[in-house]
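Below is one structure, written out as structure tokens; comments come after it.
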Amino acid sequence: MDQSAIDRLRDEPVGKQGLWIGGKSLPAASGAVLDVVSPIDGRTIGAIPDAGPEDVDRAVAAARAAFEKGSWSRAAPAERKKVLLRLADLIERNALELAVLGVRDNGTEIGMAYKAEPLSAAGTFRYYAEAIDKVYGEIAPTKPDVLGLIHREPLGVVGAIVPWNFPMMIGAWKAAPALAAGNSVVLKPAEIASLTLLRLAELAAEAGVPEGVFNVVTGRGGVAGEALGLSMDVDAIAFTGSGPVGRRLLEYSARSNLKRVHLELGGKSPNIVFADAPDLDRAAKVSAFGIFRNSGQVCVAGSRLLVQASIHDRFMEKLVAVTERMKVGDPLDLGTDSGAVSSAEQLAKNLGHVADAEREGARLVSGGRRLLEETGGFYMEPTIFEGVKPSMRLSREEVFGPVLAVTRFEDEADAVRLANSTVYGLASAVWTSDLGRAHRMVRAIRAGVVHVNTYGGADVTVPLGGFGQSGFGRDKSLHAFDKYTDLRTAWIALT
Ligand code: NAP
């Protein structure tokens, strides 16, 4: 990746996009569109359809018809594998174009976006494509006069609803296992990060995914997302996003057809640094990047830093030094460490958290302000508060921005108590040289992921998902197939 190649793509026309339904690009039935505003400079760069319930119904009907036709759902797994491997290749071949398009849409710094979006999505499609012809049904250990067979089958139509941070990566976490298993998919991107997923649909068609098997419906969550959640013909919803919307999806399911709902929600993840951490400089650097990359808009971000009292001041000096060296700015510049906040609304929310933390008595030790306002874009300083009490809003609520809450602890029991004093349970980390302590902490912290002496980077081979109000269901790994398949028993008399 070189800067001149990025610069050649940064002003490519985006134009007026279409919904992707039944293998065709179509306007919304109402003709309505939503502007695409780039967080880089606040300018409108294109438009996406503002789908209504009738458009969602059309997409669901196309998905159902394709499922019933069987050219995908009943194809040999090895056939689906070939197509999805071609899709992975196409994503890779178009990786830079996709990465730049995505950055213009949501502001993630290009160095991160290139790997975490197209390249990770390609890897995810490849992983599930490769896996699907190696997943078998079962023969149950029955009495000899019967045969108990357990078939694993696709569900039918899967609705995937994804957020604006890492739309391709998260879209692939859902679409790849769902499609590999033989389902049809209707995907609803976030209205502020739809462009790469519309392009993904075109690439899927080019790879040979049959018409109607993969559909993308853009629009507002409360309209298009709600219609998908309430559809009587969607068999499961795979959702990543905020807790309040997750709760609505459960309600929609109860009010409609009891579709399965899988929720991957937010977090307030503790990052715990013990005095015996193997390398405090590295711990400081990884901790800073573990919260501030992508302007803190990472579900697993280590947003609560717990530091043992005996090293607190020394560690904070290192952390602040690394943080203040981070370059915030144009996300299409390869030298940028942290790009733009995704929208003006999110920036206002972040600054509201800063004001509340100051009011509640936390000490601001770095950052706290908007940056680069003259560009028209949405940028914010990486921000650190220390002396944050568990009762304060900054300890309890997810900011989803570049704001770190630091709290000191005395000993292991205190660290566990503070780590678990949250309704969330998505990710966490422990920095220690003591192997016994590392294993004790892995068991004691209530979180779906516990990092030891690192933060982030867990690949597609391991599950990601939360405990408590971080949701349920797991993305990634072979376990994700459980969300998109059903078990059918055949009980066969042999006499
Ligand atoms: P969000 O507001 O909950 O939106 C997520 C998706 O739901 C978007 O596509 C949104 O569409 C849609 N939506 C909104 N209202 C809806 C409704 N009433 N019915 C159906 N769908 C609706 O979340 P976000 O702000 O995009 O993303 C940030 C959140 O996602 C954070 O909490 C973050 O922690 C979480 N997250 C979790 C993970 C994980 O793996 N656990 C990963 C990434 C992010 P619109 O955008 O059009 O409103």
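First listed ligand is number 1; within each ligand, the first listed atom is number 1. Note that the structure is a prediction, hence the values are computed from the model and not measured.
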Only distances under 3.5 Å count here; give the side-chain donor-acceptor pairs of residues 177-187 to other protein atoms, sequence neighbours excluded, each with its distance to 0.1 Å.
unit_1	atom_1	unit_2	atom_2	d
Asn183	OD1	Leu155	N	2.7
Asn183	OD1	Gly156	N	2.9
Asn183	ND2	Ala178	O	2.9
Asn183	ND2	Tyr484	O	2.9
Ser184	OG	Ala63	O	2.9

Can you give the donor-acceptor pairs under 3.5 Å from side chains of residues 453-466 to other protein atoms, not counting sequence neighbours?
unit_1	atom_1	unit_2	atom_2	d
Asn453	OD1	Thr432	N	2.9
Asn453	ND2	Thr432	O	3.0
Tyr455	OH	Val300	O	2.6
Tyr455	OH	Gly302	N	3.3
Asp459	OD1	Thr461	N	2.9
Asp459	OD1	Thr461	OG1	2.4

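When non-hydrogen atoms are compared, ligand 1 lies under 4.0 Å from the backbone of Thr240 as well as from its side chain. For Phe400, every heavy-atom contact with ligand 1 shorter than 4.0 Å involves the side chain, none the backbone. At a heavy-atom cutoff of 4.0 Å, ligand 1 is contacted by the side chain of Glu398 but not by its backbone. At a 4.0 Å heavy-atom cut-off, ligand 1 touches Leu265 through the backbone alone.
Nearest to atom 29 (C) of ligand 1 by heavy atom, out of Pro163, Gly219, Gly241, Ala224, is Gly241. The heavy atom nearest to atom 6 (C) of ligand 1, considering only Leu464, Val162, Val399, is found in Val162.
With salt bridges taken as basic N to acidic carboxylate O contacts below 4.0 Å, one links Asp486 and Arg260.
Checked against the 6.0 Å centroid threshold, Phe481 and Tyr128 count as a close aromatic pair.
Any N or O atom pair closer than 3.5 Å counts here, and Lys188 shares at least one such pair with ligand 1.
The protein heavy-atom contact nearest to atom 3 (O) of ligand 1 is Ser242 OG, 2.5 Å. For atom 46 (O) of ligand 1, the nearest non-hydrogen atom of the protein is Glu191 N, 3.1 Å.
In this structure, Glu360 contributes its side chain and Arg393 its backbone to a donor-acceptor pair below 3.5 Å.
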